[in-house]
A.B. asks: 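Can you keep this structure in mind? I'll have questions shortly.
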Amino acid sequence: MVLDLLPYKQNKKGRLSTKWEFMRYAHFGVSLSLVLISWFFFEYRPTGMGNSELVLLAVGNMFYYTSAIILAFALKDNRAFCKYLCPITVILKLTSRLSLLKIEGDKNTCTQCGKCTKNCPMDINILEYVKQGKRVLSTECIFCLTCTTVCSENILDATFKLDIGGKELIIRQ
Ligand code: SF4
Ligand code: SF4
């Protein structure tokens with residue numbers, strides 16, 4: 001919600017190269033390691049929300065929001081944090097593969113205007129999926145439904161099917 005209030009809804013340049021996306025995996029690894037070290041080496045067993053837990057929660061949230069806002073302004077892209085730094089995406093990418101709910105368009109009605117791709121906050125090449133007669137199989141889709149609202153032909157919608165796998169079609173710089 002906070003990211004949607006920032007001024008760069010459209011990333012005009014496309015994504016940075018894939019190597020920058022590895023920061024998400026590094027962040028996930030560091031976060032998981034911190035939890036495991038606290039649990040096994042320091043035998044930290046929280047019994048409820050005390051002062052130290054509140055401080056940790058506040059510090060974690062401050063890090064998330066500050067880095068997300070700085071990244072958004074630096075790269076002129078509201079969703080830069082989701083694309084390069086968010087550790088949650090590591091798990092969400094796996095569950096997205098198995099998701100039955102995905103975006104689909106009718107390739108025979110598509111005028112190939114490209115509006116959907118241009119407005120996708122995650123730089124997904126939606127038009128290419130539609131042209132290939134496939135649903136949007138990218139694990140980067142955050143299901144914001146922006147593409148369904150901007151399509152001039154009103155042919156994009158969420159559909160319920162089973163199609164695991166598929167290529168990541170992302171617009172890059
Ligand atoms: S739902 Fe949002 S993230 Fe997913 S393809 Fe459409 S515009 Fe992109
Ligand atoms: S916005 Fe609609 S009509 Fe235009 S390219 Fe995308 S799916 Fe096709």
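These numbers come from the heavy atoms of this one structure, side chains and all, not from hydrogens, waters or symmetry mates. We count ligands from 1, going down the list as the structure has it; atoms in each ligand are counted the same way.
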A.B. asks: Could you tell me the residue and atom name of the protein heavy atom closest to atom 8 (Fe) of ligand 1, and the distance to it rounded to 0.1 Å?
C.D. replies: C120 SG, 2.4 Å

A.B. asks: Just by modelled atom types, is the D4 backbone N or O under 3.5 Å from a matching donor or acceptor in the K9 side chain?
C.D. replies: yes

A.B. asks: Which residue supplies the protein heavy atom nearest to atom 2 (Fe) of ligand 1, what is that atom called, and how far is it?
C.D. replies: C144 SG, 2.3 Å

A.B. asks: For atom 6 (Fe) of ligand 1, find the nearest protein heavy atom and state the residue, atom name and distance (0.1 Å precision).
C.D. replies: C147 SG, 2.3 Å

A.B. asks: Any carboxylate oxygen within less than 4.0 angstrom of a Lys/Arg side-chain nitrogen, looking at E168 and K93?
C.D. replies: yes

A.B. asks: Against heavy atoms of C141, which atoms of ligand 1 measure under 4.0 Å?
C.D. replies: 1 (S), 3 (S), 4 (Fe), 5 (S)

A.B. asks: Parallel, tilted or perpendicular: which describes the rings of Y8 and F73, with under 30° parallel and over 60° perpendicular?
C.D. replies: perpendicular

A.B. asks: Give a yes or no on whether a salt bridge exists between D77 and K83, defined as a side-chain N under 4.0 angstrom from a carboxylate O.
C.D. replies: yes

A.B. asks: By number and element, which atoms of ligand 1 are closer than 4.0 Å to a non-hydrogen atom of P121?
C.D. replies: 7 (S)

A.B. asks: Using the rule that two of Ile, Leu, Val, Met, Phe, Trp, Tyr join whenever any of their side-chain heavy atoms come within less than 4.5 Å, decide whether I142 and L100 are in one cluster.
C.D. replies: yes

A.B. asks: Can you check whether I170's main-chain N or O pairs, donor with acceptor, with R15's side chain at less than 3.5 Å?
C.D. replies: no

A.B. asks: Can you sort out which atoms of ligand 1 are near L145, meaning under 4.0 Å from one of its heavy atoms?
C.D. replies: 1 (S), 2 (Fe)

A.B. asks: Side-chain heavy atoms under 4.5 angstrom apart, residues restricted to Ile, Leu, Val, Met, Phe, Trp, Tyr: same cluster for L145 and V150?
C.D. replies: no

A.B. asks: Report, as a single number, the protein N, O or S atoms less than 2.8 Å from atom 8 (Fe) of ligand 2.
C.D. replies: 1

A.B. asks: Taking R172 first and then E21, would you say they form a salt bridge - that is, a charged N and a carboxylate O separated by under 4.0 Å?
C.D. replies: yes

A.B. asks: Judged by atom type as modelled, is there a donor-acceptor pair below 3.5 Å linking the side chain of D123 to the main-chain atoms of I171?
C.D. replies: no

A.B. asks: Under 4.0 Å from a heavy atom of I142: give me the atoms of ligand 1 that qualify, with their elements.
C.D. replies: 3 (S)

